[in-house]
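Accompanying notes for the structure given below.
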Amino acid sequence: MVTCQQSLFLKACRREKTGRTPVWLMRQAGRYMQAYRDIRSKISFMELCKNPELCAEVAITAREIIGADAAILFSDLLLILEPFGFELEYSTKLGPVIMGRIASQDDVDRMPEVAPQESMPFVFDAVRQTRKYLQPEIPLIGFAGAPFTLAAYVLEGGASRTFEKTKHCMRTQPDLWNSLLSKIGRAVTAYLNGQIDAGADAVQLFDSWAGCLTPSEYREHVLPHSQSVLRGLKKTVPVIHFGTGTGGFLKTFREAGGDVIGVDQQVALDRAWHEIGYDTAIQGNLDPELLCGSAGDMRKHVMTILKQAHQRPGHIFNLGHGVLPATPVENVIRLIDLVHELSAMEHEGDR
Ligand code: CP3
């Protein structure tokens, strides 16, 4: 029997040869799935995230339905903001809303040093429960938001298209900025290490909004904070460092750390891998919208990505960003099958 350590996903994280390309999808558990909507018709999103048994059920069911090579912990990026004293609300219309203002250094100083093991025991329980019921050979991925993306949610009070408040703070109040990102970063480091201790087989750091910055600003104001999180992680499991819109500064993004770099669809996978360097694994990068279109189009783009990966060890197939809520579940199942089938043929032809 294949052990979890010998799974295609963990082998690819370590850049070992695999007979086919492993695949999982960001947001593989979510609203596009009937089983998820059934649970959500009875319980709010926040209650669901704080119920470890249900989190395990959602993560495991989603993985089984689509046949992905890894499961991801069911939780949310923003939950860690609550113990800092920010009220969090998931509105169906507005998306997440974060209440509480950061305007001065005093506001940052008033934020507590968060010890997630004490204030968010439900997350670590969810990791343990999921690991307990998940098939032993299937890896479980834990995750957290990167300091920049979390700080941006705090400063904007929710989602944003322009990130004006975030950029203004970064450019005009560098001391406040650094103390805010450092404080969040310390909590994120402990949060991910806690997930590793609880049984996560890999962890992913999401810097979903890093691409709104200029390359030099990323380097000066963000990289040191991501780097300090990534350097502070236990070396026992692989780390995936994901960002969107990072195509213009992939070398710098990679410098922040990570065994695997997650890229979105705005950069060609072959170009991205060349930039990042072949001593690092890569994850990506199908446009999630292709899952809402024709089977032929999807197949064409999957082939392109697999060709670009060139059967080099260390490619994990994923989307460029999360599964969209309007996605037909049968297309997701078809995608996973297609990646398995086409990549097995590519690797076969290689011999
Ligand atoms: O399968 C999985 O990936 C499950 C776990 C997961 C969720 N959110 C569940 C969720 C993960 C890994 C996330 C990450 C996350 N959350 C990110 C990073 C990835 C990305 O998309 O960039 C971000 C930025 C968030 C913050 C967040 N949470 C937003 C912006 C939203 C609202 C928009 C949306 O897509 O619904 C959420 C809510 C959320 N997180 C849902 C789920 C399943 C939907 C909640 C519902 O049931 O209504």
Side-chain angles (χ1 to χ4, degrees), residues 23-51 54-66 68 70-82 86 88-98 123 126-127 130 134 140-154 156-161 163 166 188 191-192 195 200 202-212 240-246 262-265 283-285 288 318-327 329 332 336:
V23 50
W24 70 279
L25 308 179
M26 293 180 278
R27 299 286 189 102
Q28 65 189 26
R31 282 168 302 179
Y32 78 100
M33 233 175 221
Q34 186 62 46
Y36 177 79
R37 292 197 298 270
D38 288 346
I39 288 180
R40 279 282 284 105
S41 66
K42 299 185 206 107
I43 181 172
S44 75
F45 177 61
M46 199 76 103
E47 285 168 318
L48 170 55
C49 288
K50 293 182 181 175
N51 182 326
L54 279 180
C55 287
E57 184 186 323
V58 168
I60 293 170
T61 308
R63 208 276 327 153
E64 275 172 5
I65 291 175
I66 65 172
I72 179 159
L73 168 71
F74 191 84
S75 185
D76 193 61
L77 204 74
L78 304 175
L79 294 180
I80 198 167
L81 299 178
E82 275 194 328
F86 299 102
L88 183 59
E89 221 182 83
Y90 290 88
S91 136
T92 20
K93 267 215 196 107
L94 302 170
V97 180
I98 297 106
V123 174
V127 174
T130 313
L134 187 65
L140 174 62
I141 305 167
F143 72 93
F148 171 74
T149 289
L150 289 172
Y153 269 105
V154 166
E156 302 292 336
S160 170
R161 224 182 300 151
F163 298 96
T166 306
V188 168
Y191 186 57
L192 287 174
Q195 292 181 35
V203 291
Q204 175 158 322
L205 188 70
F206 282 90
D207 214 350
S208 300
W209 309 132
C212 76
I240 308 166
H241 184 198
F242 166 79
T244 64
T246 55
V263 295
D264 74 1
Q265 67 275 8
Q283 177 175 282
N285 68 344
N318 206 312
L319 303 177
H321 207 161
V323 179
L324 299 166
T327 307
V329 68
V332 178
I336 306 276

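Hydrogens, waters and symmetry mates play no part in the numbers below; they use all other heavy atoms, side chains included. All ligand and atom numbering here is 1-based and tracks the order in the structure.
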Inset, instruction - Indicate yes or no for a side-chain donor-acceptor contact from E156 to the backbone of T166 under 3.5 Å, with no hydrogens or angles considered. - result: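 Yes, the answer is positive, given that a donor and an acceptor are paired below the 3.5 Å cut-off.
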Inset, instruction - Taking all heavy atoms of A35 and all of T61, pick out the closest pair and write down the distance. - result: CB-CG2, 4.3 Å
Inset, instruction - Taking side chain to side chain donor-acceptor pair (under 3.5 Å) as the test, write out the residues that go with E57, two or more places apart. - result: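 E57 satisfies side chain to side chain donor-acceptor pair (under 3.5 Å) with no other residue.
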Legend entry - Partner set under side chain to side chain donor-acceptor pair (under 3.5 Å) for T246, not counting sequence neighbours: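 Checked T246 against side chain to side chain donor-acceptor pair (under 3.5 Å); zero matches.
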Are any protein N/O atoms closer than 3.5 Å to the N/O atoms of ligand 1? If there are, list each pair with names and the distance to one decimal place.
residue: ligand 1; atom: 1 (O); partner: Q28; partner atom: N; Å: 3.1
residue: ligand 1; atom: 1 (O); partner: A29; partner atom: N; Å: 2.8
residue: ligand 1; atom: 1 (O); partner: A29; partner atom: O; Å: 3.4
residue: ligand 1; atom: 3 (O); partner: R27; partner atom: N; Å: 2.8
residue: ligand 1; atom: 8 (N); partner: R27; partner atom: NE; Å: 3.2
residue: ligand 1; atom: 8 (N); partner: D76; partner atom: OD1; Å: 3.0
residue: ligand 1; atom: 16 (N); partner: R27; partner atom: NH2; Å: 3.3
residue: ligand 1; atom: 16 (N); partner: D76; partner atom: OD1; Å: 2.8
residue: ligand 1; atom: 21 (O); partner: H321; partner atom: NE2; Å: 3.1
residue: ligand 1; atom: 22 (O); partner: S208; partner atom: OG; Å: 2.5
residue: ligand 1; atom: 22 (O); partner: H321; partner atom: NE2; Å: 2.6
residue: ligand 1; atom: 28 (N); partner: D76; partner atom: OD1; Å: 2.8
residue: ligand 1; atom: 28 (N); partner: D76; partner atom: OD2; Å: 3.3
residue: ligand 1; atom: 35 (O); partner: R27; partner atom: NH1; Å: 2.8
residue: ligand 1; atom: 35 (O); partner: R31; partner atom: NH2; Å: 3.0
residue: ligand 1; atom: 36 (O); partner: R31; partner atom: NH2; Å: 2.4
residue: ligand 1; atom: 40 (N); partner: D76; partner atom: OD1; Å: 2.8
residue: ligand 1; atom: 47 (O); partner: Y36; partner atom: OH; Å: 2.5
residue: ligand 1; atom: 47 (O); partner: R40; partner atom: NE; Å: 2.6
residue: ligand 1; atom: 48 (O); partner: R40; partner atom: NH2; Å: 3.2

Legend entry - Pairs flagged by salt bridge (charged side-chain N to carboxylate O under 4.0 Å, His left out) wherever residues 28-51 is involved - sequence neighbours left out: K50-E82
Inset, instruction - Quick one: sort the Y153 and W209 rings into parallel, tilted or perpendicular, breaks at 30° and 60°. - result: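 Tilted.
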